[in-house]
Amino acid sequence: MTRIVEKMQGSAGERRLQQAHGTAGRAQRFYDQQMLDHLNERMTAFVGRQEMMFVATSDDAGECDNTFRAGPAGFVHVLDATHLTWPEYRGNGVMASLGNISENGHVGLLFVDFVSDVIGLHVNGRASVVEDEVARAAYPELPVDPVPGRRAERWVLVEVQEAYIHCAKHIPRMAKAPRKREWGTDDVRRKGGDFFGAAADAGPRPAPAAVTGPVPGPLTRWLHSLVPGR
């Protein structure tokens with residue numbers, strides 16, 4: 001007999017902290033009423049209006065990265081209720097996010113509308129990187145952008161596992177101002193130059209002091225107290 005195992009809502013860490021801080025009931029109401037395993041019609045329409053999103057990834061060791069993606073409204077395409085995709089344009093060549101995805105497909109996307117709806121949408125799922133010609137063969141409806149700096153080199157395809165609201169109460173309302181965006185430019189000044197002065201600090205770093213074992217400071221002791229059996 002085949003046994004169907006439902007995925008637990010939230011992580012084990014979430015559940016443990018909810019129990020520790022007495023928020024389990026409130027959290028369960030959120031899971032039951034606000035968290036979907038697909039994109040409904042309103043979520044799909046919301047994604048289709050967005051010009052930017054934040055993308056969180058990590059490698060197979062758990063080292064994290066968070067980045068920003070932007071394009072014309074609807075640059076993220078909802079293919080169906082459980083799949084979406086976005087184009088990867090020419091960037092700085094580091095490919096930090098795509099490198100992480102190649103090791104660990106888990107991604108966290110955050111769309112925030114600061115101008116009209118003043119609301120956010122989280123989409124978590126599993127991603128894969130697909131070359132442009134392969135993506136277009138599978139999804140002929142994908143558009144070809146006429147702007148040179150916005151021509152896709154490859155696509156990220158995400159299978160949606162969680163979709164839920166990011167509440168509006170702390171999102172600032174902003175006014176959209178006209179700005180010419182230099183898509184695909186390699187001009188250092190237009191890309192922001194060395195705004196943070198990193199070049200001057202990019203020399204060799206001194207080796208860190210040797211650590212012979214973990215130091216059980218207050219934070220470590222507190223974290224250990226949350227783990228059952230410790």
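Predicted model, so just to flag it, every value in this text is computed and none were measured.
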Phe68 atom CZ, neighbour heavy-atom count above 12 within 6.0 Å: yes
Heavy atoms from other residues, nucleotides or ligands near CZ of Arg150 exceed 12 (cutoff 6.0 Å): yes
Quick one, [X] and [Y] - any side-chain contact, counting heavy atoms below 4.5 Å?
X: Phe46; Y: Arg42; value: no
X: Trp86; Y: Met53; value: yes
X: Trp155; Y: Val134; value: no
X: Asp132; Y: Arg151; value: no
X: Glu141; Y: Leu79; value: yes
X: Asp59; Y: Asn104; value: no
X: Arg29; Y: Arg26; value: yes
X: Phe114; Y: Met52; value: yes

Of all heavy-atom pairs between [X] and [Y], which one has the smallest distance, and what is that distance?
X: Gln50; Y: Val112; value: OE1-O, 3.9 Å
X: Gly108; Y: Asn124; value: CA-OD1, 3.3 Å
X: Ala127; Y: Val156; value: CB-CG1, 3.8 Å
X: Asp145; Y: Pro72; value: OD2-CG, 3.9 Å
X: Arg136; Y: Leu142; value: NH1-O, 3.0 Å

Test log, rule side-chain contact (heavy atoms from CB on, under 4.5 Å), inputs Gln28 and Arg15: CA-CA 10 Å; Gln28 191 61 52; Arg15 294 290 188 171; 2.9 Å; yes
Can you tell me how far the [atom1] atom of [X] sits from the [atom2] atom of [Y], to the nearest 0.5 Å?
X: Asn66; Y: Thr57; atom1: CG; atom2: OG1; result: 8.0 Å
X: Glu153; Y: Met95; atom1: CD; atom2: CE; result: 6.0 Å
X: Met43; Y: Leu36; atom1: CE; atom2: CG; result: 4.5 Å
X: Thr23; Y: Phe30; atom1: OG1; atom2: CZ; result: 12.5 Å

Polar side-chain atom of Arg173 near backbone of Val115 as donor-acceptor pair, under 3.5 Å: yes
Backbone N/O of Ile165 and side chain of Gln34: donor-acceptor pair under 3.5 Å: no
Under 3.5 Å side-chain donor-acceptor pair for Thr67 and Arg69: yes
